[in-house]
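Worksheet: one structure, shown below.
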There are 2 protein chains.
Amino acid sequence: MGNGSKAPKNGRNAPTIADVAARAGVGIGTVSRVINNSPAVRPETRAKVQAVMEELGYVPNPHARRIAGGRSYTVSVLLPFVGTEFYLRLLEGIEAELGEQRYDLALFPLLSKQRLERFLSSSALAYHTDGLIVASYDLAERFPGGRLPTDRPVVMVDARSEAYDSAYLDNALGGRLAAEHLLALGGPVFAVQIEEELDRAFASTVFSARIGGFREALAQAGVPLPEDHVFRTRLSAEGGQIALQRFLELQRPPFNVFAAADVVALGVVEAAERSGLEVGREVRVLGFDGQPWTATRGLSTLEQPVETMGRAAARMLIERLQGTEGPPRHERFEPRLVVRSSTQTGF
Amino acid sequence: MGNGSKAPKNGRNAPTIADVAARAGVGIGTVSRVINNSPAVRPETRAKVQAVMEELGYVPNPHARRIAGGRSYTVSVLLPFVGTEFYLRLLEGIEAELGEQRYDLALFPLLSKQRLERFLSSSALAYHTDGLIVASYDLAERFPGGRLPTDRPVVMVDARSEAYDSAYLDNALGGRLAAEHLLALGGPVFAVQIEEELDRAFASTVFSARIGGFREALAQAGVPLPEDHVFRTRLSAEGGQIALQRFLELQRPPFNVFAAADVVALGVVEAAERSGLEVGREVRVLGFDGQPWTATRGLSTLEQPVETMGRAAARMLIERLQGTEGPPRHERFEPRLVVRSSTQTGF
DNA sequence: CTGAAAGCGCTTACAG
DNA sequence: CTGAAAGCGCTTACAG
């Protein structure tokens, strides 16, 4: 006797739902209901079961769940394979929301078109995941009919799509806010635009939307942005350094620089400091993204609610998985201007 | 009757092993053996079963396999979240080898120490994967005892570890080969070193090994490398552009530049071309990595067998999963010098 | 609110 | 070489 505390029979020595049920003196169905937060469990029963789960260190086996439930309880996240903090935070948000619903996340880096095709057409998709979250690229437009070749629900994040639910940032608005802020400071205005690498498989439109909004608001204020006031570079801090070099050849300080990404803005700041220029007074720098380190570097920026967008996307997908019908829904998020010392004279 | 061609009962309408068995007129055990390449199946039987699988479009359900087999048939791949082609190719290699053995791969981006701790300590590891492949960082040395807190097999790739099997490149050798090649060309020698970003959670030693070998071979040839002949930058093409600017302030062409990564070498080439300098004659540029695009750009480089290393790591892990015992094994790979127009006068 | 039972789609000894 | 059966650890109606 005392079977409740006997070593489980599986190789891993991990307790199973049966061990918990036996020790708690309930049926396995009840344990399952507790695990799945079913409301149809008496509080005392729930507490007892939870205590035993705790005591035994019980963790549900996700594979058993998948085969019994007939679903994978896993969501594919397709995202550009670039190591920016943005995707780190986006994943945190997605993962947090999915985790609360006991869903797993399978990362699929968008490395090449071939890989994407293979992924979508393969049996991997059919079996492995219940739905897709696609980050940053409107992949749908690359396929006939504007829909991905899958019957699983799809949600876009950091991109807008006509065909699917999406959680996206109003990048053009951010550009406009940037223009308003820099115009208020007075002085000439420059911008650093980020261009996609040529060999990259997919193209994002966020950077051009940001500069587009920027240019538009400047034009509305009667301040045109000459072509040589816009420097184009790939996404890197060194690109920002080079940009400032160019601007300094054209214009003596003080002047203002809007960089379409914080990483690039950081390079502008670095180059200014290295040139002995006072950032915030002689060169004012405004970034975009709101990365965590901008606070300590005193970099003004347009902050995006990245984690929130991630959670929103995950939530929409889960709703679809739970059967929500209807036309595509779009959640629009707004960037928030955060003013720090890089665009205001310290004192 | 005719149950062989009836619609399957699962929601997804996917045929199961039972459908295949019925239609092929064999037991499900036999179908399972065919799937798993068991030698204990008569060729004719195998052919018949395979034909039916083909006809029905049967794909085994990995989740069922996992629960019946008591293993996850999944390997965790922990890798830096940087979007370089290197990791793309490494993953291709790993995935190819794992796929042949019917193993899945779960990507785990090394974003922060917190996430790593959480991953290693969580039940995720216990259930989700049978083993780990760790890329580029010797994570083991970060833990007490020099071992990761897991009893699953671990293999390192693009890094060497005392505690685990590893497949790694001899980066120092690459640096030495680079030195020999550039010395043979004659003229002053410069180098671009890549430094890790400060905020990055983990540190790789590959770049310093490359420059270390380079410096060592130069010293042996009686050619010291002055400190101002080494430019340090983060990993970006723009960093290479800035490096060449600096070198041109110190030295008039012709001279030679060794960049510790192809991406940075590309920037050197771009800057040289923009300055009207003839690459290969006035500025000779040698990269490191052997990325696919170096061929079309005519960039000389030290090519690493990336896919091969990935496969080797995956193979070692699979062997461990199949029960291979013994001390850590180390597979050392050598870079190969590929000479193109960037280090030889075209004619 | 709860238990007992069937079933998810496989793998794996066990017999033949 | 092959089949029938047990079992993996869950979820889910189905009764009560």
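To find a chain, count down the sequence lines: A is the first, B the second, and so on, and within it residues start at 1.
- One atom, CE of Met53(B), and another, P of dG9(C), lie 17 Å apart when rounded to the nearest Å.
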Please write out each protein N/O paired with an N/O of nucleotides 3-6 of chain D under 3.5 Å, distance rounded to 0.1 Å.
residue: dG3(D); atom: OP2; partner: Gly27(B); partner atom: N; Å: 2.9
residue: dG3(D); atom: OP2; partner: Thr30(B); partner atom: OG1; Å: 2.4
residue: dG3(D); atom: N7; partner: Arg33(B); partner atom: NH2; Å: 3.4
residue: dG3(D); atom: O6; partner: Arg33(B); partner atom: NH2; Å: 2.6

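- In this structure, Arg46(B) atom CZ and dT2(D) atom P are separated by 9 Å, rounded to whole Å.
- Taking atom CZ of residue Arg65(B) and atom P of nucleotide dG9(D), one finds them 17 Å apart after rounding to whole Å.
- Atoms CE and CD, on Met309(B) and Glu331(B) in that order, are 11.0 Å from each other to the nearest 0.5 Å.
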If you write DNA chain D from 5' to 3' in dot-bracket form, with Watson-Crick or G-U pairs under 3.5 Å, [ ] for crossing pairs and | for pairs with another strand, what do you get?
|||.||||||||.|||
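- Taking the six-membered ring where the residue is Trp, Tyr168(B) and His330(B) present perpendicular rings, their angle passing 60° and hence far from 30°.
- In this structure, CZ of Arg66(A) is placed 16 Å from P of dG9(C), rounded to the nearest angstrom.
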Applying side-chain contact (heavy atoms from CB on, under 4.5 Å) to Leu148(B) and Val134(B), what does each step give before you reach the verdict?
CA-CA 11 Å; Leu148(B) 294 177; Val134(B) 181; 4.2 Å; yes
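- Proximity note for Arg71(B) (side chain, C-beta onward) versus dT12(C), dC10(C), dT12(D): the nearest is dT12(C).
- When the nucleotides dC10(D), dC10(C), dT11(C) are ranked by their closest atom to the side chain of Tyr58(B), dC10(C) comes out on top.
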Given Asp158(B) and Tyr87(B), is the side-chain contact (heavy atoms from CB on, under 4.5 Å) satisfied, shown in steps?
CA-CA 10 Å; Asp158(B) 188 43; Tyr87(B) 291 106; 4.2 Å; yes
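- Of the candidates Arg65(A), Arg66(A), Arg71(A), Arg66(A) is the only one forming a salt bridge (charged side-chain N to carboxylate O under 4.0 Å, His left out) with Asp104(A).
- Residue Glu54(A) qualifies as open at atom CD: its count of foreign heavy atoms under 6.0 Å is 12 or below.
- Here the C1' atom of nucleotide dG7(D) and the CD1 atom of Ile17(A) are 16 Å apart, to the nearest Å.
- In this structure, NE2 of His63(A) is placed 14 Å from P of dT11(D), rounded to the nearest angstrom.
- Distance, Asn61(A) CG to dC10(C) C1': 14 Å, rounded to whole Å.
- Mapping Val41(B) and Tyr73(A) onto DNA chain D by nearest heavy atom places Val41(B) at the nucleotide closer to the 5' end.
- Of the candidate nucleotides dG9(C), dC10(D), dT11(C), dT11(C) has the atom lying nearest to any side-chain atom of Ser32(B).
- When distances run from any side-chain atom of Ala40(B) to the nucleotides dC8(C), dC10(C), dT2(D), the shortest one goes to dT2(D).
- Separating the OH atom in Tyr103(A) from the CG atom in Leu317(A) is a distance of 8.0 Å, to the nearest 0.5 Å.
- Val20(A) has its side chain within reach of Leu56(A): a pair of non-hydrogen atoms, C-beta onward, lies under 4.5 Å apart.
- In this structure, Pro39(B) and Gly69(B) both approach DNA chain D, and ranking their closest nucleotides by distance from the 5' end singles out Pro39(B).
- Closest contact between the side chain of Ala64(A) and the listed nucleotides dT11(C), dC10(D), dT2(D) involves dC10(D).
- In this model, a donor atom of one side chain and an acceptor atom of the other lie less than 3.5 Å apart for Arg102(A) and Asn36(A).
- In this structure, the nucleotide among dG9(C), dC1(D), dT2(C) sitting nearest to the side chain of Arg42(B) is dC1(D).
- Rounded to an integer number of Å, the gap from Ile67(A) CD1 to dT11(D) P is 12 Å.
- Comment: Arg311(A) engages Glu100(A) in a salt bridge, judged by a side-chain N to carboxylate O separation of less than 4.0 angstrom.
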